[in-house]
Every structure is written in structure tokens, then in C-alpha cells.
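Encoded as C-alpha cells, the structure appears first; notes follow it.
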Amino acid sequence: MTRLRVVVFSLILIVPFLVLEARIFQMQVLEAEEFTSRADWTRTWVEIVPTPRGRILDRNGVVLAAEERCFDLEIVFSDFEKPRVKGRDPELDYDRVAAMLRDLLALRDARAGFDVKQCAKMLRDRVYPVRPVTATDPATGKTETWTAPDVEVLQGLLGVAGSEQRRLASDLYIAAVRALRQIDRIVFKRCTIPGKPASARDRRNVVRQEWRQIYPLCQGLDYDQTAEVALDEGRFPGVEIRQRTHRVYPEGRRACHVVGYVQQPGRDERYSAREAAGEYRGEMGLAADEGDEAALREKGWYREEMREKLSAAEYERLEARDAFSRDWIGMVGIERVYDRELSGFRGVERRARHLLSRKEWVVERVAPVPGRDIRLTLDVKIQQKAEELLDNLPLGLKGSIVLIDVETGDVLALASSPGYDLNWWLRQRTAEESAYLADETLLAQFNRATGGLYPLGSVFKAVTAAAALESGAMSPADHVVCQGRYDPVKYPNRFACWIAAHGGAHGELDLRGAMARSCNCFFFAAGERVGIEKVGEMAAHFGLGRPSGIDLTGDRAGQIPGPDWRRARGGGRWGFADTLNVSIGQGEILVSPIQAARLMAGFSTGRLPVPKLRFDSPASSTDLPLSRATLDQIRAGLEAVTQQSFGTGYASALHLFKAAGKTSTAQSSSRKVGLEHHGWFAGYAPSDRPRYAFCVMVEHGGAGSGVPAKTATRLLSAVWPEVALPPELGGQILPAAHDDAGPNRGAPARPLLPEIGPDEPSDEAGGGAEPEPAEGSPR
Amino acid sequence: MNLSAKLLSPSLPIVIPALLLLAAGLASIWEAAPVVLPGTGGFHAVASVALRSFFGKQCVAAGIGILLATLVSRVRPQRLRAAGYSLYGSCLGILLVLFILGRVRNGARSWFVIGPVSIQPSEFMKLFFVLTLARYLMWRRAPDRLPRLIAPALLAGVPFSIILLQPDLGTALIFPAMFVAMMWVAGIRKRHLLMGVLAVAILAPLAYAFAFKDYQKKRFQAFLNPQAMSQDAGFQLLQSQKAISSGGWLGRGWGESEQEGPEAFVPERHNDFIFSVIGEEWGLVGASAVLGLYFTLLMAMVLGAYRAREPFGRMVLTGLAAGFATQIFVNIGMTIGVAPITGITLPLLSYGGSSMVATLLSIGVAWNIASQPALTLAGKDFREGAGEVRDLGTDGWSR
């Protein structure tokens, strides 16, 4: 009986095994598909993947702009505390936030003191003090006013000493306030459905969600600071570290106007201004600014692949949290022109975290495309020499230097002084730096080489001559007699040659002699014979009056006046005096240094190159409609300027480089306030087989035969260092001591000795007599 | 006994599957919670691994268990019989002391923690209860009348209640299963059995409504509808099912489990959900093999019970087999969704020192009894009921 029962028992035992086996078979074989797709215990979110910006290199690979690793701190408020919703506004333990900010701040300097109570109170009210800021853009001349955080007041409130910690303190504080405000804004936006007031519960849910999101707190920490945060998680709850790269300009001021700088776009600034003005609450319900979105798309952030992967809501969330405006964008220079290629494409990642295992992984990803390097045509060695020459101009004169390849248009040097340190734009500037940049007498941000427009003066005589020869109005054999006055019978005492001021006259001159001596009378005659239209046409052939086409921001057109031009501007009748004025490059002619250099390149080869800064872009040039004979005549004249003892540029020893060129002393209306004329020297070298065209322009630098021509000599000595300069030129202006790195780097160096004095004998070249005809000419 | 006799001895179908299952369990625990071996540190490092890591602790427990099982298998059965009551009594005392000194784990106050060692006395109680009830029934007439059921019911009911109050529902539920199986073999009347089943059917909903804790209710609901509870109690179940079903016919192979990966993360997988590791890595073949080993083990025990010529051995083997079967069914059942989730271990496979040692002790007892079915001195088989035979004293057993 019991044995039977044991048998029954064993039979009963078989049943559960059959059940289990059947179920396992069903799961693993029959329904294998069904189970794998079940249950998702994960949280997913979208993150932007930054990508390094491309570098900017010179033609030899010297790095002008690079990327450096840095760290951002981000904050997740919910890791401090669960939000409590009191009434309408979420509450946070502000004391803790303030204490954490203080701890973060102490990373840089233990002496920093944060008034936690005061700071917490202000955080609760979400305020930071602001003040209005007004600034003028030197390029456009537009004046803008906005409000910015008042760092001075913040310093007081935060109780910190020392500019560096003050800046960090206010940065941190502002970031925290901004993050809190953004949360407010999003909560407001998402809880405001037209016609349906949000319930407290909806609101609480949105607050909870948003407080779990990541908000930027502190940017650009270095490795050591980040390590401290990482090692002390208890003190910095909710602070997450994110790695990225940021821009550095290892060469500092070198080629600053060419390289340009990056900044975070203005939206943030504008937005914070509005926030500060208390308007943000009213705007919270509004959709994103259309213009900003268009700008994002233009910048290429918004790729089609992303559109597929990102839902509209996700995009909006990222946007609302300012994920896009944290990007750095090229503002001027090469950074601006090639911003698209340099910046690459940022990627996007949908990340997931398992809520139990806390593991994180990437669900899907649009890989970022790193920015491409841009190799420039610049040669840093020559550029450096050019900048040193400009920085060491006597009397703190300002000017610019351009050196281009005559065949390809490659720009080997493009300098403008004064300059500034590009790295200033990557951080908050000191008061001195800001003052320097804002100084309207310096206009340090202004690229004079491409955007500086000046009367060209005598360099233009070559254009007049080309027009006269090419049109047949003058033949190479024609001679003109200079009596100090032009045609004193017809126009008594009206049009003077510059030499008249020195009490003399040039006498009988052919084209070569006239070019060499820069005789005004000869070119008055040429201009009168050929007529203003032909001169204007020739100027247009040489690319004057329109942008040079260089791939750089601030490339301005300048102007070549003429009857039609005058009429279009609603000016008066075009007079004979105007024609004569234009013939010698005076009056309303405005030309930039790069245009002048290009002009010289045109004379040297007979083709007009388009200057370019990018090494890889193809060279392009246009043929000039000039006959061989005309070109030879003018080249002979340009060579005589420097290579004949009677030439205005002979004293500057440019003949050592077989350079040809033209001095110019251009009338500037500032003469009245005691400033000198603008001095130019534009030319090319070597004259037998031209390779480089160059232009040295010194604002109010006096005679072109003086400082500009000598500066040109020194510039060429950087190109051909094997040529020995005469002792009076060799290194007198270039004391090595000016390689300073102090805070006053930006201020132009002022050599003790004015340069103009000793050069007086050759200073006759451009002549002081030219203003008279111009100023006396009837309009 | 010569070699062939040894090989054919009835204890082998118990010992060999047990050792195989033990090996499979250790392999799975290694897989579920691999040990990162310290590069340096010598003895201390090894000791620390042995005492701290899941795998190390399990190995230590298995070693102790095998040692004890071997010892127990050599003990005279009379000793087992004799020890039953005192072990039962002292373990009952320990269970009571637990309410004061016990440590709470997974919501149950069922642990003693002494340094790195934690002991769960309720695991041992199962074995002691079986020994005690077998010994009690051995001297009594068949429990074919209701009054005769009272004492055995008390023997089962007291530890059951204590463990239920800890509260450890899973472990407690083993007692009724063992009780019923042993009473069945001891000769309980079918109508009494039916009455009991009816009583449970009536009382269970009431217990659910009034006595169950919230988490227990949630688990039960999750069992009924895992999707609806996927954020909570159903998560384990769904993840486990996902893992097992991804095993397919042959599994992913040892070490290829994706449970480490967050997507297929099964909480407590080294512990109560160890079968999900086996199912995922060894597929249907491996899972069936494990089931087969269990089945062999249980059948060997039942065969031992069948061959046993005295009621003590028969009932001990029956009770142990019933306990194991319940544990196996409930544990594996919960990983594949045919039973609600209860904190119950899978014998020989799950991580857990107390469970391992207690299980191996039970195996040792079964090995002991199954290897000596014949009672030589009795001269005749025990027949109906238990009470016909008087105690034969210490000489009644041959070795």
C-alpha cells in the first residue's frame, strides 16, 4: 500500500517537470520572437556630440588656430534634491546650490569667498544685476546697445577678490541663474496650452522632468580643475563633466586679422539681455526665433540625417535648453569665411540608460563629421616680419602690409596694425583689453589691408599712364615739360607739381622719368589727353572700385570717381579739375592696400590675379587688355623709381631686391588737424622675373619714399634674407625688445627716433604740393 | 561490495546528478557574477575573493556541503533518526531567536550575520522537519483518522508559521508540500487530503486579501500580467523571460550572456534567477538537461523510497523529494512565468551558502538512506502502516 503510494507520488512528480519542459520549449523555440521585444526599462535622451573644429595652418604647416581639450561642467538639479512645487514655482535648496558654487569656485582659488546666504537669496529670485552696454562695430559703424551682466556689482555681492575669480564667480552664478530661468521658461511653455490652464500636477511633472535634464554650468575648465570635481563627487552632486575641445590661437596676435576668431553666437547674449530686462516671462510662450533657426540650418547643424533621427519635440527641447547656442561660430576672418568647413558637423546621439543597472549605451547615432583643416597661403615668417615692421612704425603710426604672389594671387602676408590677441575672444576680457579693443583711435579689430580705403595718390599714375598709352592718347616718345605748374598759360596757378613747393620744376620728362620722379604735370597732361572715361575703364580693368575677391571678410570695394559716378551720387558736374585730380590718384579715389598690391601684380605680369588665402583653392587671374609695349613702358617707369638714382624710391635701397614700384604720398583731409599724408609704397620684385607684389601703406605716414618705402625694403629682406641691407636700414627699426608679452601687447610700440627726419632729402617724392590742386579744384 | 556493485548502487543516481548540477550552478554563478581576480595580494587576496565574491563564497559553501554530505552519508541511520527531534527543537529555538537577533534581507528577518558569514536557519529547518516527521510517523499507526493528523500538522505548522512571519513565504511554502507528500506516503485518507485542498482553496484568497504584504500582492499581479507591471515587479519576470527565450535551441554559449548588457539585465540573476542564465546560455538543450538531472535526482530518491523497507527512510526520501520538487517547480516556474515570484532558491544551482549546505546535507541524508534499503535484522518487510514494528535498537541496521 505505501509502496503503491510512492509510485503514485512519483507519477505526480512527473507532472511539474512536463509543465516546465513544455513551457521552456514554448518560450525558446515557438515564441522566441515575441519575448525579445518586450519590456523596456530604459530611459533615452538625445545628446549633441561635439566635434573639433578644423585647424588653420600657414603654408608651411605652422598652426595658427588649433583645438585644445577642455571640460564643461553641467548640472542636473534633481540630483541635489527632488523639486518641491510650492504654489507656482519649483523650489530648490538654494543654499546647497550656492554652497556648491562656492566649492566650484574654490577650485581656482581657495581665498574666494561666496556669500552663500546672499547668493542663495538671489538664486531664489533668479536675478543677476545688469547694466547697459553700448558698442560700435568698427566695420559697419553700427552702434548697438544691450544689457549685460554687471560683473562689478556681482563681484561685490559675491564677495570675491581678484579679477580671475571674480569672473569665474560671476560666470558660475550667471550660469546657475540662467539654467534655473530656462527651467522656468520651459515649464511655463509646456504648461501653457491655450484655453487649458495647467493643473498643479502637470506642472509638477514637467518640473520633475526638466530638473532631471542637463544644463550647462561652467565651460572650459582645464584638466586639473576637472579632476578635482571628478574626485569629489560628494561635494558636487549633480555636476556632470563633459569633454570637448575649444579654440586656441597658439600664435596669439599673429595674422589676427586674417585668422579671425570664434564666438558663441549672439542669441545667447540677446536672450540674456531680454531676460535681464524682465521680458523673458512674457516671451516664454513664444516659439523659437525664426531667424535663429534659419541661421542654424545655414550653419549646417541641422542635417537631414538628424531630421530623421530627431523628433520635432526633441529638437525643440534641445533648442530650449540652449544646446545649439553653445556652439562656437567664426565671426570674422578665415574663421568666418570657411566656418562651414572648419566647424564640421556635430553629431547627435540617442543615449539610453538602464534604470536598474545604471548602464549607459548609445541607441543610435549620427556620427559627427570633424571640421577640416584650412591651409593658408600665408607664410608666418613673412607675416611675422610684416607685423613687426608695422608695430614698430615711428610715432605709433598705423598701417598695413600686403604681399602676394603675382602669378597665383597667394597672399603670403597680410598685416594690419594695430592688432590684437585672438585669444582675447575666447574668454572674458580684462578691462584693459576691452578698452583697447573699443578704442576708436586705434580700431584694432579693423583689417586695414582689405577694408582700409585711402586715396591712392601717385601709385595711380601708373594706371593713368597705362590708359594714355593703350588708348594712343600718348606715345612713349611724348615729352612733357614740367614748369612746377601745369600749363600755367591755360590754368595759371591752379595745378601744381609737388616739386613747386620745394621751389623748383622737373623740366622736360618722358614717361619713364616722370614715373621715376612722380611728376604731377606729366600725368596731368596724360589725364587731360586720355580723358576721365578711359582712366576709369583702365582702373576698372585693374580691379579698382570693386572688392578684390580675396576670401576674407571686410573686403571692400573702394571707389574710382568719374562723371557717371558723380551723377549717380547726386553730386555736381564733373569738372576738368576733377579729371586732373584723378589722373594723379587724388580726390575721391579710395583704394585698399590689397587692391594696390594686386594692381602691381597686374603690371608685373600683365594678368590680374585674384588674391587668395586658401592654399588649396585654384588660382585665377584675368588678362589685362594691355599691349606688351605699354606694359614694358610702365615697368620701365616703375623700375626707374627704385633703380635709378633720380627715382623717388632709390634711397630706400629697394634696388637691392631688383624691386620695381611706386611711391605715393596721398593727400588726406586730416592734414588740417595736423596729421601727415598717407604714405604708400606699392611694387613688385624682382623686376626681371616678378614673383611677389606688395604694398605698404602707412596711415598718415608722410611721404611714400620715407617710411613706407623703407618698410617695404625690410619686408623684402624677410622674403630674401640672403640680401644684405645697408647699415642704415638693417635692424634700426627692429629692436628685438619689442617682442613683449605683457598686457599692453596691443598698444603699438613707439620707437624713440622719428624716422622722417633723416630721410628728408628723398622725402620730396610724393610732394606736399598736390593738395593744392585738389583742394582748389572746383567741384 | 565490489566495484560494479558500487557503480550500480542506488546512491549513484543521487550523487552524480547532484554533483553535475552543482558544477552547472558554479559555472552559471561565475558567468552571472564573474570574479575579478586580484593581481597581487597573495593569500589575503585569495581569502578576500573566497569570502567576498559570489563565486568564491559559493565554492566555499559547496565544499563545506560536500564534506558534510559525505559525513552524513556514512553515519548510521539510527543516528539520523535519533538526532531528528533535537535538531528540530534547537532549530525551532533559533528561528524564534531570529525575531530578535535576525538581520533583514529582501524584506525577511531570516538571517544570522556573523562577520562575512550569513546563515539562513530556515533552509536547515526543512531537513530537520523531514527527519522529525519521519521519525514521528515511524512509530505511529497510519494517520487515517483526523485526530492522528493533529500532531504531524503541528510539527509542520509551527515552523511554517514562524517562517511565514519572518516573512519568507517562499521557504514557508515548502513545508506544506513536504507535509502532504509524507502524509500521503504514510497513508492519509484521500478524503482528508481533499478536505485540505478545499480548505486551502478557500483560505488562499482570504490570505491574499488580508495577510499578504503589498510587495507580495504586486508579485502575484505581475505573475498574472507581467506587461501591466513591467515598471515594477514584472520587470524581473519579463527580463528573465526575454533572456531565456533568446537562448533558442542551443543557447548563446557559456560566457556569451547579454545579461551583463543593460538591455537584458535580469536582477538577482545569480540568485533566484539563475535559471535564466542557464536558459539563455545553454538554450533548450541545456535547460532540458538541467531539468533532466533534477528529474533523475528526484526519481532516484523516489526509487530509494520505494525500495526502503522501513518507514523512516521511505518518508525521509519522500519528504526531501517533495521539497526539492516544490523548490524546482516554483523557482524555474517563476523564471519562465508559470509560477509567481517568491524568494525561493533553486537547489544546488542558486547562489546562497545556507541553501547550498542545507541542500547538500539533504542529499547526504538521501544518499545514506538510499544506499542501504534493506533492513536485515527485521526479518521481514515493513508492511501497511508504520506502527507494526518496534524499535530494533542500534543493532537493527546492517552496514
Side-chain angles (χ1 to χ4, degrees), chain A residues 1-47 82 201 205 208-209 212 349-365, chain B residues 142 181 184-187 226-227 230-231 234-235 237-239 241-249 251 260-265 267 279 283-284 287-288 291-292 294-295 298-299 302-303 305-308 311 314-315 317-318 321-322 325-326 328-329 332-333 336-338 382-386:
Chain A
M1 172 84 185
T2 49
R3 281 195 166 170
L4 186 67
R5 287 200 165 204
V6 170
V7 172
V8 172
F9 174 64
S10 71
L11 292 178
I12 292 170
L13 277 187
I14 295 175
V15 176
F17 280 90
L18 287 179
V19 171
L20 293 179
E21 184 64 31
R23 172 69 175 163
I24 291 170
F25 182 75
Q26 179 199 18
M27 279 173 63
Q28 295 193 317
V29 178
L30 300 181
E31 293 178 2
E33 296 300 309
E34 194 198 327
F35 284 98
T36 45
S37 59
R38 280 197 200 167
D40 204 6
W41 237 55
T42 54
R43 182 169 77 86
T44 62
W45 70 97
V46 175
E47 244 175 48
K82 293 270 173 287
R201 197 176 148 202
N205 284 341
R208 286 217 178 103
Q209 277 172 21
R212 278 199 290 264
E349 264 179 8
R350 189 187 306 282
R351 300 183 71 85
R353 172 184 285 157
H354 195 270
L355 295 181
L356 261 168
S357 66
R358 307 294 294 170
K359 280 183 182 150
E360 229 179 272
W361 71 100
V362 176
V363 179
E364 59 180 349
R365 168 185 174 96
Chain B
W184 168 257
V185 173
Q227 264 77 38
S230 67
Q231 290 295 299
F235 173 71
L237 175 55
L238 285 173
Q239 291 292 78
Q241 288 182 339
K242 225 155 100 171
I244 291 174
S245 74
S246 71
W249 280 99
E260 287 166 80
E263 283 209 75
F265 175 78
L284 182 69
S288 304
L291 281 180
Y294 275 128
F295 189 68
L298 290 186
M299 283 303 128
V302 172
L303 184 67
Y306 181 81
R307 287 165 57 170
R314 183 177 297 149
M315 263 174 296
L317 286 177
T318 309
T326 314
I328 292 162
F329 179 73
I332 296 182
I336 58 180
V338 299
F382 287 97
R383 282 196 293 272
E384 321 291 285

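Chain letters run A, B, ... following the sequence lines, proteins first and then strands; every chain starts at 1. Excluded from the calculations below are hydrogen atoms, water molecules and symmetry mates; all remaining heavy atoms, backbone and side chain alike, are included.
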Notebook entry, point to check: At their closest point, which heavy atom of B:I328 faces which heavy atom of A:L20, and how far apart are they?
Noted result: O-CD1, 4.1 Å
Item checked: Qualifying residues under side-chain hydrogen bond (donor to acceptor under 3.5 Å, both in side chains), relative to A:E349, sequence neighbours excluded -> A:R351, A:R365
Notebook entry, point to check: Between CZ of A:F17 and CE of B:M299, what distance do you get to the nearest 0.5 Å?
Noted result: 7.0 Å
Next item on the list: Output the distance between atom CZ (B:F295) and atom CG (A:L13), rounded to the nearest 0.5 Å.
Entry: 7.5 Å
Check: Less than 4.5 Å apart, any side-chain heavy atom of B:Q241 and any of A:R23?
Finding: yes
Next item on the list: Find the one option among B:S288, B:A287, B:A325 whose heavy-atom pairs under 4.5 Å with chain A are most numerous.
Entry: B:S288
Note to self: Between B:L284, B:V302, B:T326, who has the most heavy-atom pairs with chain A when the cutoff is under 4.5 Å?
What the structure shows: B:L284
Note to self: For B:L317, which atoms come within 4.5 Å of any heavy atom of chain A: side chain, backbone, both, or neither?
What the structure shows: neither
Next item on the list: Keeping the roles fixed (side chain from B:W184, backbone from A:R5), state whether a donor-acceptor pair exists under 3.5 Å.
Entry: yes
Check: Which bit of A:I12 comes within less than 4.5 Å of chain B, counting heavy atoms only: side chain, backbone, both or neither?
Finding: neither
Next item on the list: Nearest 0.5 Å please: distance from the CD1 atom of A:I24 over to the CD1 atom of B:I336.
Entry: 4.5 Å
